[in-house]
Amino acid sequence: MESYKTLEIIQKTPDSSVFHLILNRPSQLNALSLDFFVDFPKALSSLDQNPDVAVIVLSGAGKHFCSGIDINSLSTISERSESGDRGRSSELLRRRIKSMQAAITAVEQCRKPVIAAIHGACIGGGIDLITACDIRYCSEDAFFSIKEVDLAIVADLGTLQRLPSIVGHANAMELALTARRFSGREAKDLGLVSQVFGSKSELDKDVTTIAEGIAAKSPLAVTGTKAVLLRSREMSLEEGLDYVATWNSAMLISDDLIEAVSAHMTKRQPRFAKL
Ligand SMILES: CC/C=C\C=C\CC(=O)SCCNC(=O)CCNC(=O)[C@H](O)C(C)(C)COP(=O)(O)OP(=O)(O)OC[C@H]1O[C@@H](n2cnc3c(N)ncnc32)[C@H](O)[C@@H]1OP(=O)(O)O
């Protein structure tokens, strides 16, 4: 397994196809540094390509899930181009922002489901990260803030684009304009997280169990469901139905279908080949 400056990857048991991708700068509260934006897409791509991996659980080491962008990196991000020309400096900054956006979008480009397990703070860039994830759970101590306006920034790594379809336009607008803190309970009421667990250890244990459950299902059906749901966001109902008809005309008739039906008929657990 490759090693990363800002991340750790753990497979808790050798036969498990659930891999834990952990934000691992606990002394900086997992603030997102420039290294993170290099490490993260690389790690996701390697997990995506690894047939032993079926589901990825994203969590944070230490006291908090993520304290947002590393404030110390903001000066480097906004450094002017060598020439000092305003146009070239703006173009360089645009390229940097696009590359950071691509690092977050890597979650969606990963075929395998990515589940966020959030404890403590999830702020600014942390929300960019979790809104790109496929499922979100948190512990009772979790709190959230779309903090960018307080730093005189328009959130630019995906929150403003992804959050409205998760919590609705009005809630996204209120949270992003006020930058107010909200609790895990409120996140659940808003639909930002699917469930709140009593403690970080319960969160880790129960999310692993949920991930194992998904990992035991047909990998073709699981990755197909993720791909179709993500594409359907951008499509009309008619286009979405047309897309899934084409998808299933290519994918429906598989060994997985035969195995799932046979397991059901013989009342046993199905076993699927890796993807
Ligand atoms: C192109 C731009 C792209 C992306 C932009 C994204 C924008 C954002 O992400 S906006 C959000 C930025 N983040 C914040 O404003 C959060 C700031 N931190 C806090 O509010 C608190 O630290 C906390 C997360 C609520 C946790 O509080 P607590 O548990 O009391 O810890 P602290 O004592 O406050 O912090 C310990 C230690 O960590 C340092 N630190 C915290 N957050 C960051 C950060 N985001 N970047 C760098 N360092 C951070 C903090 O300064 C402390 O350091 P010491 O050296 O120990 O003083």
Side-chain angles (χ1 to χ4, degrees), residues 4-7 22-41 44 58-81 86 88-108 116-133 136 138-164 166-167 172-187 192-193 199-200 203:
Y4 301 94
K5 286 184 187 162
T6 62
L7 300 167
I22 302 169
L23 306 175
N24 195 28
R25 293 175 74 226
S27 50
Q28 288 85 13
L29 316 184
N30 302 320
L32 306 178
S33 62
L34 295 179
D35 285 331
F36 164 82
F37 289 97
V38 176
D39 288 349
F40 191 61
L44 279 172
L58 177 67
S59 64
K63 191 176 163 194
H64 298 288
F65 174 77
C66 175
S67 64
I69 193 79
D70 188 326
I71 290 168
N72 305 308
S73 70
L74 282 176
S75 56
T76 313
I77 293 166
S78 53
E79 247 168 33
R80 285 173 158 258
S81 74
R86 190 183 168 135
R88 283 174 177 71
S89 298
S90 298
E91 202 277 332
L92 177 63
L93 178 53
R94 185 171 194 277
R95 256 187 292 143
R96 286 184 184 139
I97 295 170
K98 296 281 287 178
S99 148
M100 293 163 77
Q101 289 174 341
I104 304 284
T105 300
V107 174
E108 290 180 349
I118 306 142
H119 76 290
C122 177
I123 297 185
I127 305 223
D128 291 311
L129 205 47
I130 63 160
T131 49
C133 290
R136 291 158 290 277
C138 73
S139 52
E140 197 78 58
D141 70 338
F143 59 94
F144 302 79
S145 165
I146 304 170
K147 189 76 180 146
E148 280 84 344
V149 283
D150 284 348
L151 267 73
I153 298 174
V154 176
D156 55 4
L157 302 185
T159 293
L160 300 185
Q161 290 66 39
R162 294 186 175 104
L163 191 65
I166 301 170
V167 301
M173 187 70 91
E174 192 264 338
L175 295 170
L177 289 180
T178 62
R180 72 176 172 84
R181 256 190 205 197
F182 56 104
S183 65
R185 288 267 150 220
E186 187 176 352
L192 178 59
V193 300
S199 63
K200 166 136 171 73
L203 173 76

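Numbers for residues simply follow the sequence, beginning at 1. Counting starts at 1 for both ligands and their atoms, following the listed order.
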Checklist entry - What residues, two or more places apart in sequence or in another chain, satisfy side chain to side chain donor-acceptor pair (under 3.5 Å) together with Thr131? => result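 Expected list: none.
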Next on the checklist: Testing the basics here: between Val149 and Leu177, what is the closest heavy-atom pair and its distance to 0.1 Å?
Outcome noted: CG2-O, 3.7 Å
Item to check | Selection residues 22-32 - residue pairs positive for side chain to side chain donor-acceptor pair (under 3.5 Å), sequence neighbours left out | outcome: Arg25-Asp70
Next on the checklist: Test salt bridge (charged side-chain N to carboxylate O under 4.0 Å, His left out) on Glu140 and Lys200; report intermediate values, then the result.
Outcome noted: CA-CA 8 Å; Glu140 197 78 58; Lys200 166 136 171 73; over 6 Å; no
Please produce the table of protein N or O atoms sitting under 3.5 Å from N or O atoms belonging to ligand 1, one pair a line, distance to 0.1 Å.
| residue | atom | partner | partner atom | Å |
| --- | --- | --- | --- | --- |
| ligand 1 | 9 (O) | Ile69 | N | 2.8 |
| ligand 1 | 9 (O) | Gly125 | N | 2.9 |
| ligand 1 | 13 (N) | Ser67 | O | 2.9 |
| ligand 1 | 29 (O) | Lys63 | NZ | 2.7 |
| ligand 1 | 29 (O) | His64 | NE2 | 2.8 |
| ligand 1 | 42 (N) | Ser67 | OG | 3.2 |
| ligand 1 | 45 (N) | Ser67 | O | 3.0 |
| ligand 1 | 45 (N) | Ser67 | OG | 3.4 |
| ligand 1 | 45 (N) | Ile69 | O | 2.9 |
| ligand 1 | 46 (N) | Ile71 | N | 3.0 |

Checklist entry - Among all residues two or more places apart in sequence or in another chain, which pass the salt bridge (Lys or Arg N to Asp or Glu O under 4.0 Å) test with Glu108? => result Arg162, Arg233
Checklist entry - Between Phe144 and Phe182, what is the ring plane arrangement, given parallel below 30°, perpendicular above 60°, and tilted in between? => result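 The arrangement is parallel - the two ring planes meet at less than 30°.
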